[in-house]
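Working notes, beginning with the structure itself.
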Amino acid sequence: MQTSIPKTKLLIILRTITTSATVSCNQRAASERGFLNLLQSCNTFSNLLQIQTQILKLGFENNPLILTKFVSKASDLNSIEHAHCFLFSPHSNTHFYDAFLFNTIIKAYAQTGNLKPKALWVFNFMLECRVLPNNFTYPVVLKACAGIGDLNLGMSIHGSLLKFGLHGNDPVLNTLVHMYCSCKGGIVFGRKVFDEMTKNDSVPWSAMIGGYVRLGRSNDAIDLFRQMQIQGVCPDEITMVAALCACTDLGALELGKWIESLIEREKVNKSLELNNALIDMFAKCGDVDKALKLFRAMNERSIVSWTSVIVGLAMHGRGLQAVSLFQEMIRDGVAPDGVVFIGLLSACSHSGLVEKGKHYFDLMRKEFCILPKIEHYGCMVDMLCRAGLVRDAVEFVQKMPIEPNSIIWRTMINACRTHGELKLGESLARQLIRNEPMLEANYVLLSNIYAKMSHWEKKTKTREVMDKKGMRKIPGSTMIELNNKIYKFVAGDMYHNQYKEIFEMVDEMGREMKRAGYVPSTSEVMLDIDEEDKEDNLNRHSEKLAIAFALMNTPPGTPIRIVKNLRVCSDCHSATKFISKIYNREIIARDRSRFHHFKDGLCSCNDFW
DNA sequence: ATAGGGTTAG
């Protein structure tokens, strides 16, 4: 329940102010202070409307301070557009407006979800009104620009900053770095500003490291983080969050633990966000139990904390536990949002809980009034497809009230391939290519279907179309951490300095596995070559190279952690099960969508992925 | 009164 000033009281106060017919300076100041206090306690939209009327009645429409407070109140009440109309009506006298007032409006727009472009409109209007921007203007206007992500826009603001000859102080330069790092294609400009500025504190470092993380350049982010240490700049909790995100992206558990130890050593303030980043890092780097432990120890949790553990459990195939955590969250009185439902539905999807998934999909609309978005429909399609119910998925898509996106089509096409609906898959893939001819993933899907159908000439033709358009398949790669270094393997990799030993090890593994009953699934090889070459091809998959490398370089009995950039192929999946038993190793593999814990010849995913 | 951070299906 919101507390509001009773209307009667409000009117009495207003009347007291209005009735002073001849006011001295002191009285005027007093009435201004009184009005500001009144504004301060305004907390509903109808209060705001009353205040607006009074502003006109009392002649405060020429008082920029009062107008500024009015704007920030309106912003608090999500009514910035209302304040906008009031301030920029044809009758309003913009002659009295100052930079503080404009800055406040720009900031209010910058904070909105989809009204950010209006911040730039106000900025331009400010220039038209010949109000000079100051050093407080640029951080807010650049922040709006960063939110829009338009590089040209950002550059023109940068240009206007130079034109006004403001001496860029720290906040201005920091936001300039942030803006460039948030715009597509802008990171080099951001780096240039970053390199040329004097960096007195952690802020520009956080902006730059965060920029690399957002671009998926996590290795560069970590390099810069190390550079920061060398330069003797102390990272704060925000820098730590960015560094942890880089670890999460890489799946680098050891690196993540190192950051955690730095946090402890430097006694960095453990903000809610930092705890959330730690939870997410541990969950997505393979130690979901540690993530749960941290989650339980937190004294303040946000919806993000809950989402992180639920998604973490989902990735580890612990769907039932994810569901019970969701129920606990509801019992705790935390209001769910659309995002946590994505996590919950993906938990059901990864654990084959089709009925539960359907139940929660209905519940989100009926009980929590959250309208399912395309992502939620995507989860449902994925869930039906994983469970092998391709026909149900088709029916579901036909009944959907919104247009399916290409992600949903790709999910369906891939499911058609794995569940033998090849004709359907082919026609869907061809349709998708007609709609989206410049996306390589669509051609890869079609060519994989042709491979499965053994339609080699059609497959070759698809590949030729790709070549002609200059597209290339993303190569599969596997990452492994060893002695504080990150090693990356790609299929057939011969650049590693141990590659001969690795290939020998892979061959030995192959012999041992065959003795234990492993049959290479050569149907996974999407090439028209003979069976023996197919086996070689399988043995050169990046995953097997990484595991061989780990077996050679780590003590017997220790767990092996690997991270793949794509989904694990079914041959590598079955081979890894054998390896875990033969070599008595626990192998924890993260692929593009989930974790596989291999132990004693079995996988935690129960072959469901 | 001005700067920097977190979660999401495929």
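Because the structure is predicted, anything quoted here is derived from the model rather than measured. Both backbone and side-chain heavy atoms feed into the values below; hydrogens, waters and symmetry mates do not. Chain A is the first sequence line, chain B the second, and so forth, proteins listed ahead of strands; every chain is numbered from 1.
Take A:His84 and apply the side chain to side chain donor-acceptor pair (under 3.5 Å) test, not counting sequence neighbours, and it matches A:Tyr109. Qualifying side chain to side chain donor-acceptor pair (under 3.5 Å) partners for A:Tyr360, counting only residues two or more places apart in sequence or in other chains: A:Gln327.
Between the P atom of B:dG4 and the CD atom of A:Gln111 lies a distance of 10 Å, rounded to the nearest Å. In this structure, the CH2 atom of A:Trp409 is 17 Å from the C1' atom of B:dA9, given to the nearest Å. Summarising the geometry, the separation between CE on A:Met281 and P on B:dG6 is reported as 15 Å, rounded to the nearest angstrom. B:dA3 atom P lies 15 Å from atom CG of A:Leu176, rounded to whole Å. If you take CE of A:Met364 and C1' of B:dA9, they are 12 Å apart, rounded to a whole angstrom.
The closest side-chain heavy-atom distance from A:Glu395 to A:Lys399 is below 4.5 Å. The shortest distance between side-chain heavy atoms of A:Leu244 and A:Ile263 falls below 4.5 Å.
Nucleic acid contact class of A:Arg214 (heavy atoms, under 4.0 Å, all strands): sugar-phosphate only. Note on A:Thr104: nothing from the nucleic acid sits closer than 4.0 angstrom, heavy atoms only. Within 4.0 Å (heavy atoms only), A:Ser271 reaches at least one base atom of the nucleic acid. Residue A:Asp337 is out of contact with every strand shown, counting any heavy-atom pair closer than 4.0 Å. Residue contacts for A:Asn103: at a heavy-atom cut-off of 4.0 Å it reaches no nucleic acid atom on any strand shown. Looking at heavy-atom distances under 4.0 Å, A:Val241 makes contact with sugar-phosphate atoms alone, never a base.
Listed nucleotides B:dA9, B:dG6, B:dT2 differ in distance to A:Glu375; the shortest reach to its side chain belongs to B:dA9. Comparing B:dG4, B:dA9, B:dT2 against the side chain of A:Val203 picks out B:dG4 as the nearest. Proximity note for A:Thr175 (side chain, C-beta onward) versus B:dT7, B:dA9, B:dA3: the nearest is B:dA3.
Residue side chain A:Ser308 does not reach the base of B:dG6 through any donor-acceptor N/O pair under 3.5 Å, judged by distance alone. Evaluation of atom-type donor-acceptor distances gives a pair under 3.5 Å for the side chain of A:Ser202 against the base of B:dG4.
In this structure, CG in A:Asn414 is found 6.5 Å from CZ in A:Arg567, a value given to the nearest 0.5 Å.
The phosphate of B:dT2 (OP1 or OP2) has no side-chain N or O of A:Lys143 nearer than 4.0 angstrom. For the OP1/OP2 pair of B:dA1 and a distance below 4.0 Å, the side-chain nitrogens and oxygens of A:Lys107 include no atom meeting the criterion.
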